[in-house]
Amino acid sequence: NLLRCFTCDRLCGGCTAPAPPPRQGIALQPVMPSCEPVPPAPCLPTKTFRSYLPRCHRTYSCVHCRAHLAKHDELISKSFQGSHGRAYLFNSVVNVGCGPAEQRLLLTGLHSVADIFCESCKTTLGWKYEQAFETSQKYKEGKYIIEMSHMVKDNGWDG
């Protein structure tokens, strides 16, 4: 890693050069008193979430880490049952990962579903409907269930 050295005023990785003579009329103090190599900064993510939803939209976020999950406009139904209580059905979501698909016998019949989890805090939020085996349930395919206990409302909600 090359850094600008304030002692020798050039790019270096750690020099032992003597300081140059001060310029006439200007007294410069070096920012770094010696030209020691600076240890690399720890590898930190540049942002917390992969996607941010626009602030002008009412949104749902992860209650555990506040990662954005879905816009209110993507809400299809509030009348769903998750594994641990009430849940909402969404057209699309952001900042979630998907586990492997498996067949489950749910209240509305046999479905192939994949658990979804928050990409930021890894909390299981609900599931994605991969396939519905009954004709009346086909509308759920490709849609997402998020349990209410894992969501909080953000941005522009009244009350």
Side-chain angles (χ1 to χ4, degrees), residues 1-6 10-14 30-33 35-159:
N1 291 343
L2 297 179
L3 302 171
R4 179 156 306 276
C5 174
F6 289 99
R10 60 188 165 118
L11 294 178
C12 68
V31 174
M32 296 191 312
C35 195
E36 298 290 322
V38 178
C43 215
L44 298 174
T46 55
K47 62 183 186 177
T48 307
F49 317 123
R50 291 186 318 180
S51 298
Y52 288 88
L53 296 173
R55 286 184 147 311
C56 60
H57 292 283
R58 293 185 294 171
T59 59
Y60 297 93
S61 299
C62 176
V63 73
H64 309 285
C65 70
R66 297 305 275 248
H68 292 171
L69 297 175
K71 291 192 293 186
H72 181 66
D73 297 346
E74 296 297 318
L75 178 66
I76 298 170
S77 175
K78 297 180 179 181
S79 315
F80 274 73
Q81 186 67 30
S83 299
H84 304 100
R86 290 186 53 208
Y88 289 0
L89 180 69
F90 290 94
N91 248 332
S92 66
V93 295
V94 296
N95 298 316
V96 299
C98 224
E102 61 184 36
Q103 290 186 2
R104 289 189 198 154
L105 186 57
L106 303 174
L107 294 174
T108 54
L110 185 64
H111 294 79
S112 175
V113 298
D115 285 336
I116 59 171
F117 56 90
C118 176
E119 279 283 356
S120 181
C121 68
K122 307 303 182 204
T123 300
T124 300
L125 302 169
W127 61 80
K128 177 183 180 184
Y129 287 101
E130 298 288 351
Q131 185 180 6
F133 296 102
E134 295 185 23
T135 308
S136 65
Q137 301 300 308
K138 292 285 188 188
Y139 75 96
K140 296 178 185 175
E141 290 181 349
K143 309 294 191 288
Y144 301 83
I145 286 287
I146 299 179
E147 295 181 350
M148 288 182 62
S149 61
H150 298 298
M151 290 189 298
V152 64
K153 294 176 179 179
D154 276 329
N155 296 335
W157 293 90
D158 294 328

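Small disclaimer: the values here were computed from a predicted structure and weren't measured.
- For E74, the side-chain hydrogen bond (donor to acceptor under 3.5 Å, both in side chains) partners at least two apart in sequence or on another chain are S92.
- Contact of the K128 side chain with the V96 side chain is not registered, since no non-hydrogen atoms from C-beta on lie closer than 4.5 Å.
- Atom-to-atom distance recorded for I145:CD1 and I76:CD1 is 9.0 Å, nearest 0.5 angstrom.
- Put simply, the side chain of H111 gets close to the backbone of G109: a donor and an acceptor are under 3.5 Å apart.
- Note that the CD1 atom of I146 and the CE atom of M151 stand 6.0 Å from one another [nearest 0.5 Å].
- Residues T123 and V63 are not in side-chain contact: their nearest non-hydrogen atoms beyond the backbone lie 4.5 Å or more apart.
- In this structure, the side chains of S77 and K143 stay at 4.5 Å or more apart for every pair of heavy atoms.
- Ring geometry for Y88 versus F90: interplanar angle of 30 to 60°, hence tilted.
- Between L107 atom CG and F80 atom CZ the span is 10.5 Å, to the nearest 0.5 Å.
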Check: Are H84 and T124 close enough, and set up right, to give a side-chain contact (heavy atoms from CB on, under 4.5 Å), and what steps lead you there?
Finding: CA-CA 11 Å; H84 304 100; T124 300; over 6 Å; no
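- With rounding to the nearest 0.5 Å, the separation of CZ in R66 from CG in N95 is 14.0 Å.
- Between Q103 and L110, some side-chain heavy-atom pair lies under the 4.5 Å cut-off.
- One finds the CD atom of E141 at 9.0 Å from the CD atom of E130 (value rounded to the nearest 0.5 Å).
- Under the 3.5 Å distance criterion, the side-chain polar atoms of E147 are matched with a main-chain donor or acceptor of S83.
- Within the structure, every pair that satisfies the ring-ring contact (aromatic ring centres under 6.0 Å, His included) test and touches residues 130-153, not counting sequence neighbours, is listed here: H64-H150.
- Between S120 and C62, the closest side-chain pair of non-hydrogen atoms is not below 4.5 Å.
- Under the 4.5 Å side-chain criterion, counting only non-hydrogen atoms from C-beta, V113 is in contact with L106.
- Classification of the Y60-H72 ring pair by plane angle, with boundaries at 30° and 60°, yields tilted.
- Minimum heavy-atom separation, C118 to L125: N-CD1, 3.7 Å.
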Notebook entry, point to check: W127 and R104: side-chain contact (heavy atoms from CB on, under 4.5 Å), yes or no, with the steps?
Noted result: CA-CA 11 Å; W127 61 80; R104 289 189 198 154; 4.0 Å; yes
